[in-house]
There are 2 protein chains.
Amino acid sequence: MSLLILEEFFPYHTRLFYRQVSSAVTHVYETRYGLKPYEWRTMAILGPDGDFTANEIVTRSSMDKVSVSRAITSLKQRKWILSKANKHDGRSRLIRLSAAGKTVYQELVPLMLEVEQKLLSVYTTEEVAELRRLMAKIADQDCAKFVV
Amino acid sequence: MSLLILEEFFPYHTRLFYRQVSSAVTHVYETRYGLKPYEWRTMAILGPDGDFTANEIVTRSSMDKVSVSRAITSLKQRKWILSKANKHDGRSRLIRLSAAGKTVYQELVPLMLEVEQKLLSVYTTEEVAELRRLMAKIADQDCAKFVV
DNA sequence: ACAAATAGGTTTCAAATGAAACTAGTGTTG
DNA sequence: CAACACTAGTTTCATTTGAAACCTATTTGT
């Protein structure tokens with residue numbers, strides 16, 4: 001006769017924690033610039049000087065390639081990114097922020113760092129370090145390890 | 001000239017951590033019983049003896065009412081839950097697991113607890129307590145606190 | 001050098017999601 | 001006891017999402 005109390009179930013806590021963090025963050029770029037999560041992350045990866053292929057964005061952001069492809073398409077439509085041929089590989093193109101995209105990036109990044117600070121303000125410096133360490137401990141494992 | 005390194009951004013870590021936890025958990029009920037997250041959570045809330053309205057499930061699970069409504073519909077089709085009139089309120093019905101639903105629950109719960117244990121096995125007992133405490137510290141805040 | 005296999009990106013399709021509109025029962029107020 | 005506002009739950013609709021199929025360029029094997 002086993003019983004599972006959802007309110008005590010670790011994955012359930014994880015979900016509530018994640019939702020709080022992610023909604024705080026999303027709210028900023030969503031309301032200010034109408035950016036979707038994948039678009040924001042793509043811009044964040046590119047940064048002011050980036051010159052990356054779609055594939056490099058995928059690797060660095062842990063997003064899937066379909067989402068990155070769509071983010072690139074829509075950021076290109078907004079003229080926030082530019083792309084040029086990749087002379088080393090004709091299948092891909094090198095992408096970077098346009099001047100307009102850099103302006104958005106420069107306005108948005110301080111706000112994103114501010115919301116990060118607000119989230120972390122509930123912790124002491126040691127707690128932040130400890131929380132990061134503990135999260136990494138699960139995130140860095142091979143997921144096969146947890147298969148039941 | 002601000003710069004944001006996604007790889008050091010706290011919300012990004014949170015997302016990787018959450019994905020790992022949630023994919024481990026989802027994998028179990030998904031592959032074994034073809035349950036969707038909302039269906040599993042509904043069953044988890046009901047438990048062997050539950051007798052709840054949809055609204056009570058919403059409150060206890062932090063899911064939204066649309067998802068709960070759909071989970072109830074599909075669990076009813078599978079005949080894993082039963083519902084009866086709520087004599088105190090004609091708008092809602094009282095829901096509980098059927099005999100078949102209880103069987104699934106009894107098979108699934110030990111597996112879910114096992115995957116929870118596997119996830120937590122990377123930590124010491126003190127680390128588990130500390131991680132839960134730290135996650136709750138953000139999860140329990142009013143989200144307005146984090147608005148930028 | 002040329003077929004076959006592979007890798008980078010995009011498109012298609014079906015499923016998941018949530019906001020808002022909707023239906024129906026309950027409670028409140030004059 | 002109507003008229004109104006409100007709550008429980010469902011449906012509709014538009015958006016988000018990802019797996020699989022797809023196209024094109026590159027690499028590999030012979």
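Only heavy atoms go into these numbers, but all of them, side chains included; no hydrogens, no water, no symmetry mates. Each chain gets a letter, A, B and so on, in the order its sequence line appears, and its residues count up from 1.
Taking OG of S2(B) as the start and CD of E107(A) as the end, the distance is 10.0 Å to the nearest 0.5 Å.
Between the side chain of E8(B) and the main chain of I5(B), no donor-acceptor pair closer than 3.5 Å is present. The backbone N or O of T42(A) lies less than 3.5 Å from no partner atom in the side chain of R60(A), so there is not a single donor-acceptor pair.
Using a 4.0 Å cut-off, some side-chain N or O of S69(A) falls inside it from OP1 or OP2 of dT10(C). For the OP1/OP2 pair of dG18(C) and a distance below 4.0 Å, the side-chain nitrogens and oxygens of S67(B) include at least one atom meeting the criterion. Distances shown here put every side-chain N or O of S92(B) at or beyond 4.0 Å from the OP1 or OP2 atom of dA8(D).
We find that E7(B) and R41(A) are not joined by a salt bridge, their nearest charged nitrogen and carboxylate oxygen being 4.0 Å or further apart.
For K36(A), taking side-chain heavy atoms from C-beta onward, the closest of the listed nucleotides dG18(C), dT10(C), dT16(D) is dT16(D). Side-chain proximity of N55(B) to the nucleotides dA8(D), dG18(C), dT11(C) is greatest for dA8(D). The side chain of R91(B) lies closest to dA24(C) when the candidates are dA24(C), dT11(C), dG9(C). Here dT17(C) is the nucleotide among dA8(D), dT16(D), dT17(C) with the atom lying nearest to any side-chain atom of Y38(B). In the set dG9(C), dT12(C), dA20(C), the nucleotide with an atom closest to the side chain of R70(A) is dT12(C).
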Apply salt bridge (charged side-chain N to carboxylate O under 4.0 Å, His left out) to residues K137(A) and E127(B) and explain how you reach the verdict. CA-CA 11 Å; K137(A) 223 163 166 176; E127(B) 283 176 337; 3.2 Å; yes
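When the nearest nucleotides of DNA chain C are assigned to T73(A) and K87(B) by heavy-atom distance, the more 5′-ward of the two goes with T73(A). Along DNA chain D, the nucleotide closest to A54(B) and the one closest to G90(A) are compared, and the more 5′ of them pairs with A54(B). When each of H88(A) and P37(A) is assigned the nucleotide of DNA chain D with its nearest heavy atom, P37(A) is the one assigned upstream, toward the 5' end.
The separation between D64(B) atom CG and dA8(D) atom P is 14 Å, rounded to whole Å. Between E56(B) atom CD and dT7(D) atom P the separation is 16 Å, expressed in whole Å. D89(B) has its CG atom 11 Å from the C1' atom of dA24(C), to the nearest Å. Between K65(A) atom NZ and dC22(D) atom P there is a gap of 14 Å when expressed in whole angstrom units.
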